[in-house]
Amino acid sequence: MIFETHAHYDDEAFSEDRDSLLVSMPQNGIGKIVNVGASISSCKTTIELMDKYAYVYGALGVHPSETAEFTEENFAWLREQCSHKKCVAVGEIGLDYYWPEPDRETQKKWFIKQLNLARELKLPMVIHSRDAAQDTMDIMKEQHAEEIGGVIHCFSYTKETAAVFLNMGFYIGVGGVITFKNAKKLKEAVECIPMDRIVVETDSPYLAPVPNRGKRNDSLHLPYIIKEIADIKGLTPAEVEKITWNNAEKLYCF
Ligand code: NI
């Protein structure tokens, strides 16, 4: 079975067929799914999905690009929801400098607050970091993120940056980008990342792997990602499936 460590089935891209798609997952080899909240409203839908499907778990948090909506009041709401028995992580949280808004100070403030929420609740973190490697590493070092742990989701940086996160004990989430022809830097990084620190994810509905690049993504595409990792690592897809399943269980403390 494959462990999908990061998907967004709350997204409107699934409004037509969300239930039929999710129902079909176990019979198609997807054994567990972590649906990741990115805003207060998507956290609410994530909770509905984990209440409805035995094999769906949730990460609850607010994505850096959505932090403008954060208030002390909904931060208190988030803290309460994180005690749900199927909430396995705080996330996705972090920094995204690809978009100019919200401003960097706002993003940093809520990254640090949610990081410390994870510490307080003894939950791992799902970290989103895009075009913000240095500030992400600086904050994680300053805040002693190594005491909390978690995953760098949809890792997109160099092997040197991977080494810094690995030294802090983090897992690295590998998604569809690994199948892209121009993903040389990422393939190099995956070559260097020890197999016991890799987990697989789709980030559905985004980032569909080749041969579905550009289309809506879903967890049934994970075998393409697993095949690519297997080729890079000189393993069989079955071995990668098994190892990444065990890694994900450790990451999310099952
Ligand atoms: Ni995501």
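Order of appearance sets the numbers: ligands from 1, and atoms from 1 within every ligand. Fair warning: this is a prediction, and the values are worked out from it, not measured in the lab.
A salt bridge links D135 with K108: the closest approach of a Lys/Arg side-chain nitrogen to an acidic carboxylate oxygen falls below 4.0 angstrom.
Not a single N/O/S atom of H128, whether from backbone or side chain, sits less than 2.8 Å from the Ni ion (ligand 1). At a threshold of 2.8 Å, the Ni ion (ligand 1) has a backbone or side-chain N, O or S atom of H8 nearer than that distance.
Figure legend: cation-pi geometry between K109 and F70 absent, as NZ or CZ is not positioned both under 6.0 Å from the six-membered ring centre and within 45° of its axis.
Aromatic ring centres of F155 and F170 lie farther apart than the 6.0 Å criterion allows.
Of all N, O or S atoms in D203, the one lying closest to the Ni ion (ligand 1) is OD1. Shortest distance from the Ni ion (ligand 1) to E92 is reached at OE2 (N/O/S atoms only).
Under a 3.5 Å cut-off, the side chain of Q81 and the backbone N or O of L60 do not form any donor-acceptor pair.
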